[in-house]
Number of protein chains: 2
Amino acid sequence: MLKYQQIASDIERYIEENALQQGDKLPVLEALMARFEVSKSTITKSLDLLEKKGVVYQVRGSGIFVRRHKRKGYISLLSNQGFKKDLEGFQITSKIIEFDVRKPTQEAADNLNISQEEDVYYVKRVRYINGQTLCLEESYYSKSIITFLNKEIVSESIFDYIREGLGLNVGFSDIYLQAGRLNEEEAGYLGLEKGFPKFYVETLFHLTNGQPFDFSKVTYNFEQSQFFIQANGPL
Amino acid sequence: MLKYQQIASDIERYIEENALQQGDKLPVLEALMARFEVSKSTITKSLDLLEKKGVVYQVRGSGIFVRRHKRKGYISLLSNQGFKKDLEGFQITSKIIEFDVRKPTQEAADNLNISQEEDVYYVKRVRYINGQTLCLEESYYSKSIITFLNKEIVSESIFDYIREGLGLNVGFSDIYLQAGRLNEEEAGYLGLEKGFPKFYVETLFHLTNGQPFDFSKVTYNFEQSQFFIQANGPL
DNA sequence: AAGTGGTCTAGACCACGTG
DNA sequence: ACGTGGTCTAGACCACTTG
């Protein structure tokens with residue numbers, strides 16, 4: 001692991017273990033340089049990483065401070081895939097509705113940047129949180145990149161498998177959000193009524209080299225789902 | 001303006017002017033160093049900034065590439081306040097419903113981290129996009145930070161005024177999202193029916209020094225609003 | 001004025017991808 | 001093997017905040 005990543009994770013753990021709150025001050029740069037025995041740039045890089053993650057904010061002339069929102073039970077839209085309802089204590093399970101290899105829809109092919117002749121793995125599943133329906137998810141995985149999937153993998157964490165099993169590096173993603181009304185099928189799977197509101201998210205995941213490998217369409221049970229984003233400054 | 005910011009904006013303009021597409025390759029680091037006559041770290045910092053903004057992605061051993069999603073007409077949730085429906089051509093107007101100085105609600109005071117005795121500016125307005133209702137917005141501004149507001153400012157861009165008029169630096173924000181159902185009042189302002197879906201967003205804006213100064217509650221017309229986020233890698 | 005974070009440099013060395 | 005981006009250093013100087 002790289003120095004700056006290790007330091008960032010050490011600092012993050014330190015904040016966690018000491019239950020530091022929003023606005024609490026961290027040691028000054030000089031102290032951190034000495035503590036970790038690295039140059040200023042390395043510490044700076046660690047802190048920039050933590051700032052990007054929304055863990056700290058740095059104020060010139062003043063110090064380095066902990067950033068921590070107060071609300072609990074929100075799903076982070078940025079800490080890519082793998083939910084992680086804030087501070088855990090939430091049990092996520094899945095039921096597979098469909099799983100096969102097929103030709104993609106026009107829409108999926110367009111997003112994945114492949115032709116409709118190429119194979120994709122198709123996964124449709126309902127996800128539950130503490131026993132309640134959380135969402136209905138349909139995903140298309142480029143078979144040319146995700147060369148193998150099976151039911152066992154699909155019922156667990158697909159992304160862990162992609163990283164560890166296939167050795168691929170997940171990079172950036174484009175996320176599209178909107179509200180709408182449940183159709184009959186969605187309502188059925190989520191145990192709600194047709195016409196109820198839905199929180200609808202499409203995500204296109206890319207590898208670090210820019211290749212799109214997963215296009216997902218997710219319909220959330222609006223009663224179970226609250227999301228949050230930590231944004232950084234007017235870019 | 002700092003070198004790395006200037007370079008970043010030059011590169012961004014270059015991409016814009018030449019209408020580069022997703023996956024198009026930019027000149028290599030060496031070339032950029034020579035072109036802008038700066039050190040490697042400075043170029044790197046510029047590119048990191050652009051990567052954070054979702055404008056490029058960098059692949060070690062391969063190159064620097066343009067990142068550009070295809071969909072048009074989506075509102076960016078990250079390019080903080082000031083909407084900017086993608087690639088413009090959209091006219092945003094506002095109608096003020098209420099504007100005054102008052103004591104905050106418990107909720108607003110909690111979020112702004114002030115007592116209920118302190119004054120806030122309260123603004124309630126409906127925003128329109130191309131003549132259609134876009135959203136109903138309620139905002140609370142800490143009067144101790146935003147020392148002055150008036151109707152003229154409120155009907156234009158409040159954030160521009162905060163930056164230029166007051167000389168304050170807008171920093172990070174916490175954004176909370178959910179779907180729900182319109183109540184009677186919201187439906188009225190948006191010209192929809194009670195019980196229809198809504199896309200609901202609360203945002204807490206902070207200055208760069210960490211002080212919260214604006215708590216906003218926004219109810220979007222679900223028919224007019226699609227949002228997107230460009231996320232970067234599993235943090 | 002002192003303290004603290006931010007920018008920028010020049011250069012060594014490393015790690016990943018491609019041909 | 002080579003090209004390309006990434007990490008890390010040591011140090012000079014700058015800019016904002018606080019007392």
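Everything numeric here is computed off the predicted structure, so don't read it as measured data. Letters go in sequence order (proteins before strands), and every chain restarts at 1. Note: hydrogens, waters and symmetry copies are ignored here, and every other heavy atom, side chains too, is used.
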Whole-Å gap separating [atom2] ([N]) and [atom1] ([X]):
X: L168(A); N: dG17(C); atom1: CG; atom2: C1'; value: 15 Å
X: K25(B); N: dG3(D); atom1: NZ; atom2: P; value: 12 Å
X: N209(A); N: dT4(D); atom1: CG; atom2: P; value: 17 Å
X: F65(A); N: dG3(C); atom1: CZ; atom2: C1'; value: 12 Å
X: N169(A); N: dC16(C); atom1: CG; atom2: C1'; value: 10 Å

Ignoring hydrogens and geometry beyond distance, is a side-chain donor-acceptor pair present between N113(B) and Q211(B) at under 3.5 Å?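 Judged by distance alone, the side chains do not pair up.
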
Among residues at least two apart in sequence or on other chains, which ones pass side chain to side chain contact (heavy atoms under 4.5 Å, CB included) with S39(B)?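 Testing S39(B) for side chain to side chain contact (heavy atoms under 4.5 Å, CB included), a comparison that skips the adjacent residues, returns S41(B), T42(B).
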
Heavy atoms under 4.0 Å is the rule here; annotate nucleotides 6-12 of chain C 5' to 3' with B where the base is hit, S where only the sugar-phosphate is, and - elsewhere. BSSBB--

Using the side-chain hydrogen bond (donor to acceptor under 3.5 Å, both in side chains) rule, pick out the option among E138(B), E137(B), E107(B) that qualifies with K217(B). E107(B)

Given DNA chain C, 5'-ward residue of the pair G61(B) and G63(A), judged by closest heavy atom: G63(A)

Kindly state each residue pair satisfying ring pair (Phe, Tyr, Trp, His ring centres under 6.0 Å) with at least one member in residues 3-25 of chain B, sequence neighbours excluded. none

Starting from the 5' end of DNA chain D, give me the residue, S62(A) or I64(B), whose nearest nucleotide shows up first.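 Checking each residue's closest nucleotide, the 5'-ward one belongs to I64(B).
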
Positive for side chain to side chain contact (heavy atoms under 4.5 Å, CB included) with I43(A), one of M33(A), E30(A), R35(A):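 Filter result, single survivor: M33(A).
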
Sub-6.0 Å ring centroid separation between F199(B) and F199(A): yes

